Amino acid sequence: MENRAGDHHDGMEFFPLSSTGSASTTANDRGLLAMNHEATTDEKLSSFFVHANGGTMSLPRPAAEVDKEMALHGLSVVEVRRNGGKWEYLKDSGFNRRVHQQTDVELSGPVRGNALVITRYSTGGTRIRGTLNNCGTGKTPWNTYLSGEENWAGYFTRAATDDAARGDKSVVSLKRYGRDQGASSRHGWETGGRDDKYQRWNISKTGASNDGSDDYRNEMNGMGYIVEMDAYDKTRPIKKRTALGRYAHESAAFGKVVVGQPLAVYMGDDSRNEYIFKYVSNAVWSAADAAPADRIATGDKYLDSGRLYVAKFAADGTGQWIELSIANPLIAAYAGYKFADQADVLVNARLAGDAVGATRMDRPEWCSVHPTTGEVYFSLTNNSNRRAEPSGSSQAAPDAANPRAYTDMKGTSTQQGNVNGHIIRVREGTAGAAATGFTWDVYLFGAEAGAAAASVNLSGLTADQDFSSPDGLAFSTATGICWIQTDDGAYTDVTNCMMLAGVPGQVGDGRKLTLNYPRANGGTLSVDTYVGKAATPDTLKRFLVGPVGSEITGIAETPDGKALFVNIQHPGENTASSNVGDPARYTSQWPSNAGYGAGKRPRSATIVITKNDGGRIGT
Ligand code: FEO
Ligand code: CA
Ligand code: CA
Ligand code: CA
C-alpha cells in the first residue's frame with residue numbers, strides 16, 4: 001500500500017536522468033517524475049473512491065481504512081522513459097519512492113529544536129512524520145524538489161475545552177491557522193486506534209508536561225512548510241525548510257539566479273485574504289552549486305539561513321517587501337501575539353504579516369518567474385471574501401492589487417467576490433533578489449467572455465480563451481510559454497477546468513484604470529489598479545480542457561520542451577453521494593473511458609503530451 005502512487009496528483013517536476021542513470025539537467029528520454037499527492041476526494045465520497053466496497057464514515061474509523069488514506073497522501077518519485085514514440089513508467093525502478101504519513105522527515109532551519117515543535121515523537125523538536133496536503137511545487141537551482149504543504153490544518157482535531165487546558169498564546173496561533181477548539185478532523189484519523197500514528201492527529205493538550213514532550217499539542221507546528229527532497233537519492237533525508245515560513249504553501253519559485261547574488265524564493269499563502277512572501281538567502285550563489293556532490297547539503301546552505309519578507313502593494317503601482325524579523329518593532333511590540341524569537345515569527349508568519357500590515361490577497365496559488373524579464377507571476381485564484389462593503393474581519397474591501405468585487409451567476413446561484421481570480425506580476429527593483437521595493441500590474445483578469453468589460457472582463461477575454469480560477473502557473477524554460485491551469489468551481493456550469501498558453505509582455509505594458517463601487521449609504525469607493533495589455537488570440541490560447549469534475553494541475557516538461565506532463569486531479573469529484581455506490585453513475589469515468597484500466601471509478605492520473613511531428617509543445 002505504501003509503495004503505490006498516492007491520490008490527487010498535484011504539483012510535479014521532471015528530473016532528467018542520463019542514459020547511465022545519473023542526475024542530469026539536459027537528458028530528454030529518461031527521467032524521474034516527482035509529484036505531490038494532495039488529498040483524497042471528500043470524505044463522504046472517498047469511501048467509495050478509495051475503498052473498494054465503501055468505507056466507514058462514522059467514528060471511530062477502522063485502522064485499515066485510515067492506514068490506506070494516510071498512505072495516499074504525500075509524495076511520489078516514479079521513473080519514466082521514452083520508448084520509441086511513447087512514454088512508459090518503470091514499476092521496478094530503484095529510484096521509485098513514496099513519502100507518506102509515516103515517513104520520517106527532518107525539521108531544518110531556525111525552527112529546528114525550538115520549543116514550538118517539541119512532541120512525543122521528537123522531544124528534541126527536530127523531526128516529524130510525513131508531509132501533508134502537498135499542493136504546488138518548485139525546483140531548486142541545485143536540482144532538488146520542493147513541495148508546499150497547503151491545507152494541513154484540517155487533518156487535526158482539538159478538544160472542545162482545549163483553550164482552557166492550554167491557557168497560553170498557542171490558542172491565538174491555532175485560531176489564526178484555522179483550528180478552533182472543538183474542531184473535528186477531516187478524516188477522523190485520530191480514531192484509528194491507540195497507536196501513536198493515529199493519536200498524533202489529536203492536537204489537544206492531554207499530557208502533564210510543560211513542554212509538550214508527552215503529547216501532540218505542538219504537532220501542527222510541524223506542518224505548513226516548503227519541503228525539500230532529493231528525487232535522485234532516496235537515502236538522503238527529506239527536510240522541511242522552516243526559514244521560508246509556515247503557512248498554506250503552494251509553489252516556490254526561484255528568481256533569476258545570478259553568481260555572487262543571494263537567491264530569492266517567491267511563495268504564496270493560499271487562503272482567502274492571506275499574503276505573498278519572498279525568502280532571500282544569506283548565502284550568495286556559486287556556479288559550482290548547480291551540480292553539487294551533495295544536493296541536500298546545498299539546500300542547507302541556501303534555504304536554512306536567510307530573511308523572510310511579506311508583500312505590501314501600494315495604489316500607485318509600487319510595493320514593498322517588509323522583513324518579518326523579531327527585530328522589527330511592529331513585530332516585537334505586536335499586541336495580537338507575543339513573539340518569543342525568530343522561530344516563533346516563522347512558525348506564525350501569518351501573525352507576523354498581520355503585525356506589519358501586509359496586503360491581504362485573493363488566495364495566492366502558484367508563482368513562476370518569466371525566463372527573460374525575471375518578473376514574478378502569482379496566480380490569485382479567487383476570493384469569495386472580497387466585498388465592496390466588507391462585513392466582519394474575514395472579508396476585505398477591494399484594493400489596488402485585488403481590485404474586483406462583483407456578482408456572477410452560476411445557474412440560479414449567486415457568486416460574489418473576486419469570482420474568477422487574476423494573475424498579478426511583480427518587477428523587482430534594481431537590487432534584484434535582495435530588492436525591498438518593486439513595481440507591479442495585473443497580467444490577466446479571469447472572467448467570462450460575456451461579463452461586463454468595464455468592471456469584470458478587464459483583460460478583454462474572448463470565448464476562445466476565457467477562464468476562471470487560475471491556479472497552476474509555470475513558465476516553460478524551453479519555449480517561454482506561460483502555462484496557466486485552472487482549479488475552478490465558478491465557471492463549471494459552462495466549461496470544465498482547463499490549461500491555457502500565454503505569451504505575456506511585461507509590467508507596465510497596459511493601462512491604469514479606476515473601478516468605482518457605490519456605497520450603500522452614499523459615496524463611492526474608487527480603486528485605482530493597473531492592468532496589463534489585453535489578451536489577443538496570439539498571446540493567450542486555450543490549450544486543453546479536462547474531464548468533468550477535475551482540476552488541471554502539475555506542469556513538468558523535458559528540457560527540450562517536447563514532452564509535457566500534466567496531472568488530472570479528482571475527475572468525477574462532484575458525484576452525488578447517493579450515486580457513488582454505483583460506479584456506472586459517477587459523473588466522470590476518466591481515465592477508464594479513455595481506455596486506461598477496467599474499473600469505472602474515476603482516478604487522478606498523469607498524462608503526457610507529445611506532438612506527432614516530435615516538436616516542442618505549444619509552438
Ligand atoms: Fe491545493 Fe491552493 O490549491
Ligand atoms: Ca457565471
Ligand atoms: Ca493549487
Ligand atoms: Ca486550488
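The chain is numbered in sequence order, starting from 1. Start at 1 and go down the list; that is how both ligands and their atoms are numbered. Just so it is clear, the model here is predicted, and its values are computed rather than measured.
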Inset, instruction - Considering only NZ, NE, NH1 and NH2 on the basic side and carboxylate oxygens on the acidic side, decide whether R186 and E69 come within less than 4.0 Å. - result: no
Legend entry - Charged N-O contact under 4.0 Å between D67 and K197: yes
Which single N/O/S atom of [X] lies at minimum distance from the Ca ion (ligand 4)?
X: E365; value: OE2
X: D487; value: OD2
X: D471; value: OD2

So, [X] and [Y]: side-chain donor and acceptor under 3.5 Å apart, yes or no?
X: D362; Y: N418; value: yes
X: R246; Y: Y225; value: no
X: Y155; Y: Q101; value: no
X: H570; Y: T40; value: no

Inset, instruction - Measure from the Ca ion (ligand 2) to each N, O or S atom of M409 and report whether any distance is below 3.0 Å. - result: yes
Inset, instruction - For the Ca ion (ligand 2), decide whether E448 has an N, O or S atom at a distance under 3.0 Å. - result: yes
Inset, instruction - Specify whether an N/O/S atom of D270 falls short of 3.0 Å from the Ca ion (ligand 4). - result: no
Inset, instruction - Return yes when at least one N/O/S atom of E551 is nearer than 3.0 Å to the Ca ion (ligand 4), and no when none is. - result: no
Inset, instruction - Could you point out which residue of H8, H73, H9 forms a ring pair (Phe, Tyr, Trp, His ring centres under 6.0 Å) with H37? - result: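 Checked H8, H73, H9 against H37; only one passes ring pair (Phe, Tyr, Trp, His ring centres under 6.0 Å): H9.
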Legend entry - Atom name in D408, limited to N/O/S, at shortest distance from the Ca ion (ligand 2): OD2
Legend entry - Around atom 2 (Fe) of ligand 1, number of protein N/O/S atoms which are nearer than 2.8 Å: 5
Legend entry - R176, CZ atom: more than 12 neighbouring heavy atoms under 6.0 Å: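 Yes, CZ of R176 has more than 12 neighbouring heavy atoms, counting only those of other groups under 6.0 Å.
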Inset, instruction - Kindly say whether the aromatic ring centers of Y247 and Y275 come within a distance under 6.0 Å. - result: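 Ring centroids of Y247 and Y275 are no less than 6.0 Å from each other.
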Inset, instruction - State, yes or no, whether a side-chain contact exists between Y491 and D466 at a heavy-atom distance under 4.5 Å. - result: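 Side-chain contact under 4.5 Å: yes.
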